[in-house]
Amino acid sequence: MTPTIASLETVSLEEALAYLDSAEGDELAAAFALARDRNSLDGAAVGEPDPAEVHHALFLLRRARGLSAPSFDLMRVQLRARAA
């Protein structure tokens, strides 16, 4: 079961680690799950999050863990590779 977040604006370290644990350490899968949960919390239509939403979620996960911001272009390449 994927954990949910309490806020659209921030992700705590505990929440970030819970998403990563749920995704078995896969940072991109954790970001995708977080983006989906953020959309749900926002009341957005159910569906796949777009690359910008996944990138923002990845940014939030990395910021909560004190890591540098992710590259949007690299993340898009990784998403396309997974879809293939």
Side-chain angles (χ1 to χ4, degrees):
M1 179 175 181
T2 302
T4 58
I5 53 173
S7 167
L8 288 172
E9 303 301 319
T10 61
V11 173
S12 70
L13 176 59
E14 293 76 21
E15 289 168 331
L17 294 176
Y19 275 93
L20 285 165
D21 186 49
S22 179
E24 298 179 352
D26 183 334
E27 194 176 51
L28 197 53
F32 190 86
L34 176 58
R36 189 179 51 235
D37 287 353
R38 289 181 81 244
N39 284 346
S40 178
L41 187 63
D42 190 32
V46 177
E48 300 291 312
D50 66 31
E53 293 167 330
V54 176
H55 182 258
H56 188 247
L58 183 57
F59 170 80
L60 291 172
L61 288 173
R62 292 182 64 81
R63 183 175 67 182
R65 294 172 14 238
L67 301 174
S68 62
S71 161
F72 182 73
D73 291 332
L74 177 59
M75 185 217 60
R76 280 186 16 195
V77 168
Q78 292 170 331
L79 285 174
R80 276 187 256 154
R82 287 184 183 212

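Of all the heavy atoms in Arg76 and Pro51, the pair that sits closest is CG-CB, 4.3 Å. When all heavy atoms of Ala35 and Ala57 are compared, the closest pair comes out as N-CB, 3.7 Å. Here the closest non-hydrogen pair linking Ala30 and Ala23 is N-CB, 3.6 Å.
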Check: Between Val11 and Arg63, is a side chain to side chain contact (heavy atoms under 4.5 Å, CB included) present by the stated rule, with each step listed?
Finding: CA-CA 8 Å; Val11 173; Arg63 183 175 67 182; over 6 Å; no
Next on the checklist: Test side chain to side chain contact (heavy atoms under 4.5 Å, CB included) on Leu67 and Leu61; report intermediate values, then the result.
Outcome noted: CA-CA 9 Å; Leu67 301 174; Leu61 288 173; over 6 Å; no
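Atoms CE and CG, from Met75 and Leu58 in turn, are 7.0 Å apart once rounded to the nearest 0.5 Å. Rounded to the nearest 0.5 Å, atoms CG (Leu79) and CD (Glu48) are 10.5 Å apart. Summarising the geometry, atom OH belonging to Tyr19 is positioned 15.0 Å from atom CG belonging to Asp26; distances are rounded to the nearest 0.5 Å. Taken to the nearest 0.5 Å, the CZ atom of Arg65 stands 12.5 Å off from the OG atom of Ser12. Summarising the geometry, atom CD belonging to Gln78 is positioned 11.0 Å from atom CG belonging to Asp73; distances are rounded to the nearest 0.5 Å. Atoms CG and CZ, on Leu34 and Phe59 in that order, are 12.5 Å from each other to the nearest 0.5 Å.
The backbone N or O of Ala69 sits nowhere less than 3.5 Å from a side-chain atom of Arg62 that would complete a donor-acceptor pair. Side-chain atoms of Glu15 come within 3.5 Å of backbone atoms of Ala6 as a donor-acceptor pair (strictly under, hydrogens ignored).
Taking the side chain as every heavy atom from C-beta outward, Thr10 and Ile5 never approach each other to under 4.5 Å.
Leu60 and Leu17 fall into different hydrophobic clusters, where Ile, Leu, Val, Met, Phe, Trp and Tyr residues are linked whenever their side-chain heavy atoms come under 4.5 Å apart, directly or through other members.
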